[in-house]
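To start, the structure under review is shown below, and the notes come after it.
Side chains are part of it too, since the values below use all heavy atoms of this structure and drop only hydrogens, waters and symmetry mates.
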Amino acid sequence: MSVPHLIEFSKIGSPALGYITVGENSTLPFAVQRVYWTYYTPDSVIRGHHAHHDLEQLIFATSGRIEFVLEGLDGKSETFVLDSPNLGLYIPRLYWRTIKFSHNAVLMCLASKEYSEEDYIREYDEFKALAANV
């Protein structure tokens with residue numbers, strides 16, 4: 001099974017002109033089927049509280065700072081911080097996540113599948129029960 005990890009994408013440009021970062025399907029861990037972004041999340045709100053059966057994601061903080069705590073079926077947790085637009089967080093299937101945003105953060109997600117409510121695991125007890133079957 002894959003594990004979450006940070007992927008640094010190259011950037012082109014300079015402080016005087018600004019930067020551009022490009023990710024193409026050939027350089028991504030999966031073919032992108034959906035893109036969405038989250039913004040204006042109050043910094044007092046913790047989001048996430050779910051996992052996915054099959055979905056893989058590559059997440060970017062296009063602005064601000066976003067902190068992810070990811071827990072695998074083995075019960076181990078790891079914290080990842082996104083604070084640069086050229087840094088992506090790969091989240092494989094079956095990782096429980098909580099997400100904390102800075103006041104100005106914009107999260108952009110590249111997803112391996114189109115939206116399906118059936119793919120979500122929204123109850124932590126259900127997630128933990130899956131671990132017992134692995």
Side-chain angles (χ1 to χ4, degrees):
M1 180 181 275
S2 298
V3 296
H5 60 276
L6 294 172
I7 301 172
E8 186 171 359
F9 290 84
S10 61
K11 60 183 177 183
I12 302 164
S14 69
L17 296 175
Y19 296 94
I20 184 172
T21 294
V22 177
E24 298 176 319
N25 274 333
S26 62
T27 61
L28 301 175
F30 52 81
V32 176
Q33 298 298 312
R34 178 169 54 117
V35 177
Y36 66 86
W37 46 97
T38 304
Y39 50 96
Y40 298 150
T41 302
D43 57 7
S44 60
V45 172
I46 305 291
R47 293 191 56 148
H49 306 289
H50 67 272
H52 293 278
H53 288 286
D54 295 312
L55 185 74
E56 299 172 82
Q57 296 172 303
L58 187 56
I59 310 262
F60 297 87
T62 59
S63 178
R65 181 181 190 277
I66 305 171
E67 181 179 300
F68 279 80
V69 178
L70 301 178
E71 179 184 340
L73 291 176
D74 60 3
K76 294 180 183 172
S77 292
E78 190 170 357
T79 300
F80 295 90
V81 174
L82 297 174
D83 57 4
S84 177
N86 70 310
L87 189 62
L89 172 60
Y90 171 68
I91 306 176
R93 59 189 290 272
L94 297 174
Y95 273 84
W96 189 263
R97 80 278 323 269
T98 56
I99 311 164
K100 177 99 172 109
F101 292 77
S102 67
H103 72 283
N104 63 334
V106 177
L107 177 154
M108 182 181 68
C109 177
L110 308 180
S112 66
K113 296 184 177 291
E114 293 187 8
Y115 175 80
S116 169
E117 181 60 33
E118 293 76 32
D119 187 61
Y120 278 79
I121 304 166
R122 296 194 184 274
E123 298 296 328
Y124 186 71
D125 290 342
E126 179 185 345
F127 175 75
K128 293 308 282 183
L130 290 172
N133 296 329
V134 174

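- Under the 4.5 Å side-chain heavy-atom criterion for Ile, Leu, Val, Met, Phe, Trp and Tyr, Phe30 and Phe60 are members of the same hydrophobic cluster.
- For OH of Tyr19, the number of neighbouring non-hydrogen atoms (other residues, nucleotides, ligands) closer than 6.0 Å is greater than 12.
- Inter-residue side-chain proximity for Glu56 and Tyr90 is flagged as met; some heavy-atom pair is nearer than 4.5 Å.
- For NE2 of His5, the number of neighbouring non-hydrogen atoms (other residues, nucleotides, ligands) closer than 6.0 Å is greater than 12.
- In this structure, CZ in Phe9 is found 5.5 Å from OG1 in Thr27, a value given to the nearest 0.5 Å.
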For a side-chain contact (heavy atoms from CB on, under 4.5 Å) check, start with the C-alpha distance between His49 and Thr98, then their side-chain angles and the critical distance, and finish with the verdict.
CA-CA 5 Å; His49 306 289; Thr98 56; 3.6 Å; yes

Yes or no on side-chain contact (heavy atoms from CB on, under 4.5 Å) for Ile121 and Leu94, after CA distance, side-chain angles and deciding distance?
CA-CA 9 Å; Ile121 304 166; Leu94 297 174; 3.9 Å; yes

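- By the 4.5 Å heavy-atom criterion applied to side chains, Tyr95 and Val3 are counted as neighbours.
- Looking only at side-chain heavy atoms (C-beta outward), Gln33 and Ser112 stay at 4.5 Å or farther from each other.
- In this structure, the side chains of Leu6 and Leu82 come closer than 4.5 Å at one or more pairs of heavy atoms.
- Between Tyr36 and Tyr115, the ring center distance fails the sub-6.0 Å criterion.
- Between Pro85 and Thr21, the closest side-chain pair of non-hydrogen atoms is not below 4.5 Å.
- Rounding to the nearest 0.5 Å gives a distance of 12.0 Å between OH of Tyr120 and NE2 of His53.
- Under the 4.5 Å side-chain contact rule for hydrophobic residues, Ile66 and Leu87 share a cluster.
- At least one side-chain heavy atom of His50 sits under 4.5 Å from a side-chain heavy atom of Arg97.
- Phe80 and Val106 fall into different hydrophobic clusters, where Ile, Leu, Val, Met, Phe, Trp and Tyr residues are linked whenever their side-chain heavy atoms come under 4.5 Å apart, directly or through other members.
- The minimum heavy-atom distance between Ala51 and Phe127, with the atom names listed, is CB-CD1, 3.8 Å.
- Ile7 and Val32 fall within the same hydrophobic cluster, defined by Ile, Leu, Val, Met, Phe, Trp and Tyr side-chain heavy atoms under 4.5 Å apart, directly or through other members.
- Ser44 OG to His103 NE2: the interatomic distance, rounded to the nearest 0.5 Å, is 12.5 Å.
- In the hydrophobic cluster analysis, where Ile, Leu, Val, Met, Phe, Trp and Tyr join through side-chain heavy atoms closer than 4.5 angstrom, Tyr40 is grouped apart from Ile46.
- The backbone N or O of His52 sits nowhere less than 3.5 Å from a side-chain atom of Asp119 that would complete a donor-acceptor pair.
- When the shell of 6.0 Å around CD of Glu123 is examined, it contains 12 or fewer heavy atoms from other residues, nucleotides or ligands.
- Put simply, SG on Cys109 and CG on Leu58 are 8.0 Å apart, with the number rounded to the nearest 0.5 Å.
- Once rounded to the nearest 0.5 Å, the distance linking CD1 of Ile99 with CG of Leu89 reads 9.5 Å.
- Although no hydrogens or angles enter the test, the distance criterion places no donor-acceptor pair under 3.5 Å between the side chain of Asn86 and the main chain of Ser10.
- Considering only heavy atoms from C-beta on, Phe68 comes within 4.5 Å of Ile59 through its side chain.
- Looking at Lys113 and Arg93, their side chains never come closer than 4.5 Å, going by heavy atoms from C-beta outward.
- Here the CG atom belonging to Leu107 is positioned 11.5 Å from the CH2 atom belonging to Trp37, to the nearest 0.5 angstrom.
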